[in-house]
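Structure, as structure tokens:
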Amino acid sequence: MQLGINLGYWGAGMDGDNLAVAKEADKLGYAVCWAAEAYGSDAATVLSWVAAQTERIDIGSAIFQIPARQPAMTAMTAATLDSLSGGRFRLGLGVSGPQVSEGWYGVRFDKPLARTREYVEIVRKAMTRERLSYEGEHWTLPLPEGPGKPLKLTVHPQREHIPLYIAAIGPKNLEQTGEIADGALLIFPAAEHLEETAIRHLRAGREKAGKTMDGFDIVPTLPLAVGDDVPGLADMFRPYTALYVGGMGSRKQNFYNQLAQRMGYEKEAAEIQDKYLSGDKDGAAAAVPHELIDSTTLLGSVERIAERMQAYAAAGVTTLTLSPAGFTLEDRIKALRAGTEALERAGLA
């Protein structure tokens with residue numbers, strides 16, 4: 001099992017720290033550095049900056065939002081980043097959510113699975129550098145009865161095949177991800193529930209495509225905090241968990257809330273959402289069960305974290321992405337180093 005680092009969203013006042021974290025992860029042998037985007041800094045610019053100041057670590061989008069870019073633009077960006085980084089780019093895609101898709105990009109959040117499938121097909125075709133033509137429900141290239149003509153990508157990616165990942169939560173999305181992608185980006189993954197909530201659906205998609213799980217990259221992201229006071233460390237992540245379970249998306253379309261329910265927290269997920277959407281964010285955070293936080297993060301001593309890493313490896317995780325917490329750069333670097341030490345103690349390095 002390899003380790004990754006997730007820098008999260010850029011522009012939160014820790015930009016210089018994030019670069020220092022990425023450079024330290026590069027020195028420590030982390031496999032990949034992911035960057036996110038929502039409605040602030042875009043991930044492509046951040047990744048190009050990180051790639052220019054690192055040597056070995058891969059750079060990955062977690063995620064490029066599908067409603068933000070035309071698929072041909074994503075192919076251009078992926079090819080450019082792969083070329084500039086010397087073949088170190090990993091393309092992560094996701095549909096985002098209805099609030100961002102419709103509120104920020106003005107793109108209707110309808111038929112997300114069909115849109116993702118077509119998007120991936122166009123991106124893959126464009127990156128083969130064959131002339132691009134496509135007829136689908138959501139995209140037609142070139143547009144009919146107009147001056148457009150099939151064009152081909154002029155940039156040469158460093159590699160013939162750029163790994164493509166999809167951020168997936170729901171069963172149908174997970175199954176499609178197994179069918180059409182090279183890896184899955186997961187969030188709020190509990191090792192004990194991973195087979196039931198994710199891997200069995202990914203496996204079904206692989207089987208549909210006539211493939212096995214061999215070579216398919218399962219990439220959950222887990223917040224990481226090192227220390228002796230596990231309950232105190234868990235409390236650090238109460239607002240984070242409450243935001244996703246209670247306030248991400250609408251009442252009817254909150255994929256994280258639905259995931260918490262599938263993990264056995266039906267009553268608690270409803271309470272968190274009710275309080276969050278009513279404006280009681282503190283109450284929502286207080287309603288998050290300690291067990292939910294503890295099972296979806298890496299908390300405690302290096303020895304305890306190593307045990308949790310063994311559980312994730314046994315569940316089928318191939319790249320464990322860490323999001324080190326801390327109020328200072330020193331804290332985050334310490335957590336980053338603890339991650340590599342825990343992997344070695346777990347016998348997984």
Side-chain angles (χ1 to χ4, degrees), residues 4 6 8-9 34 36-38 60-67 91-102 109-117 119-120 164-206 213 216-223 237 240-266 268-270 272-273 276 288 292-293 295-297 312 315-321 323:
N6 195 316
Y9 302 112
W34 304 95
E37 64 182 18
S61 55
I63 53 168
F64 284 167
Q65 298 171 100
I66 285 175
L91 174 59
L93 301 171
V95 292
S96 188
Q99 290 178 324
V100 174
S101 182
E102 299 193 11
F109 192 80
D110 62 342
K111 300 183 179 179
L113 293 180
R115 291 178 66 87
T116 298
R117 181 181 290 271
Y119 197 96
V120 169
L164 189 149
Y165 297 72
I166 295 174
I169 301 175
K172 292 182 179 179
N173 192 6
L174 286 160
E175 183 173 327
Q176 178 172 275
T177 296
E179 182 183 354
I180 67 175
D182 302 306
L185 301 172
L186 309 178
I187 191 170
F188 288 120
E192 298 78 8
H193 297 282
L194 205 58
E195 171 64 29
E196 174 189 352
T197 60
I199 294 180
R200 70 185 181 98
H201 303 296
L202 293 167
R203 187 183 299 113
R206 301 295 287 173
M213 294 297 288
F216 188 84
D217 201 7
I218 299 175
V219 190
T221 293
L222 286 96
F237 300 109
Y240 166 83
T241 306
L243 167 64
Y244 278 85
V245 175
M248 195 67 73
S250 65
R251 184 177 292 277
K252 293 183 179 180
Q253 287 183 307
N254 184 324
F255 308 118
Y256 309 98
N257 188 281
Q258 294 165 12
L259 175 59
Q261 292 182 46
R262 292 198 298 275
M263 292 166 59
Y265 297 99
E266 296 91 346
E268 295 87 347
I272 294 166
Q273 187 177 64
Y276 201 99
V288 177
L292 175 58
I293 300 173
S295 66
T296 55
T297 57
Y312 280 100
V317 171
T318 49
T319 301
L320 190 65
T321 297
S323 181

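The main-chain N or O of L113 is never found under 3.5 Å from a side-chain atom of R117 such that the two would form a donor-acceptor pair. Side chain of N257 to main chain of V245: a donor-acceptor pair is present (N/O by atom type, distance under 3.5 Å, no hydrogens or angles). The backbone N or O of A269 lies less than 3.5 Å from no partner atom in the side chain of Q261, so there is not a single donor-acceptor pair. Between the E102 side chain and the F109 main chain, a donor and an acceptor come within less than 3.5 Å of each other.
Side-chain contact between T116 and L93 is absent, with no heavy-atom pair separated by less than 4.5 Å. Side-chain contact between L185 and W34: present, with at least one pair of heavy atoms (C-beta onward) separated by less than 4.5 Å. Considering only heavy atoms from C-beta on, I187 comes within 4.5 Å of Y244 through its side chain. Side chains of T241 and T297 form no contact here, defined as non-hydrogen atoms less than 4.5 Å apart.
The CG atom of L202 sits 9.5 Å away from atom CD of E175, with the distance rounded to the nearest 0.5 Å. Y276 contributes atom OH, which lies 7.5 Å from atom CE of M248 (distance to the nearest 0.5 angstrom). The CD1 atom of I66 sits 9.5 Å away from the OG atom of S101 when rounded to the nearest 0.5 Å. Expressed to the nearest 0.5 Å, how far CD of E196 lies from CZ of R262 amounts to 9.0 Å.
Taking each heavy atom of S295 and L292 in turn, the nearest pair found is OG-O, 3.2 Å. Minimum heavy-atom separation, P171 to H201: CB-CE1, 3.6 Å. Across R206 and A181, no two heavy atoms sit closer than the pair NH1-O, 3.3 Å. The minimum heavy-atom distance between Q99 and G247, with the atom names listed, is OE1-O, 4.1 Å. Summarising the geometry of I169 relative to L174, their closest heavy-atom pair is O-CD1, 3.2 Å, with the distance given to 0.1 Å. Across every non-hydrogen atom of L320 and L222, the tightest pair is CD1-CD1, 3.3 Å.
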Worksheet entry | Audit row: S61, L91, side-chain contact (heavy atoms from CB on, under 4.5 Å) steps and yes/no | CA-CA 6 Å; S61 55; L91 174 59; 3.9 Å; yes

Item to complete: Under the side-chain contact (heavy atoms from CB on, under 4.5 Å) rule, what do L259 and T197 come out as? Steps first, then yes or no, please.
Response: CA-CA 8 Å; L259 175 59; T197 60; 4.0 Å; yes

Worksheet item: Are T296 and M263 close enough, and set up right, to give a side-chain contact (heavy atoms from CB on, under 4.5 Å), and what steps lead you there?
Response: CA-CA 11 Å; T296 55; M263 292 166 59; 3.9 Å; yes

Discussion item. Walk me through whether F216 and T318 qualify under side-chain contact (heavy atoms from CB on, under 4.5 Å).
Written reply: CA-CA 8 Å; F216 188 84; T318 49; over 6 Å; no

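Using cut-offs of 30° and 60° for the angle between ring planes, the F237 and Y240 rings count as perpendicular.
Remark: the N254 side chain and the Q258 side chain contain no N/O donor-acceptor pair separated by less than 3.5 Å. Side chains of D217 and T319: a donor-acceptor N/O pair is present below 3.5 angstrom, by distance only.
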Which atom pairs, one a donor and one an acceptor, fall under 3.5 Å between side chains of residues 188-195 and the rest of the protein, sequence neighbours left out?
from	atom 1	to	atom 2	distance (Å)
E192	OE2	R308	NH1	2.6
E195	OE1	R203	NH2	3.2
E195	OE2	R203	NH1	2.9

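Partners of S323 under the side chain to side chain contact (heavy atoms under 4.5 Å, CB included) rule, at least two apart in sequence or in another chain, are T221.
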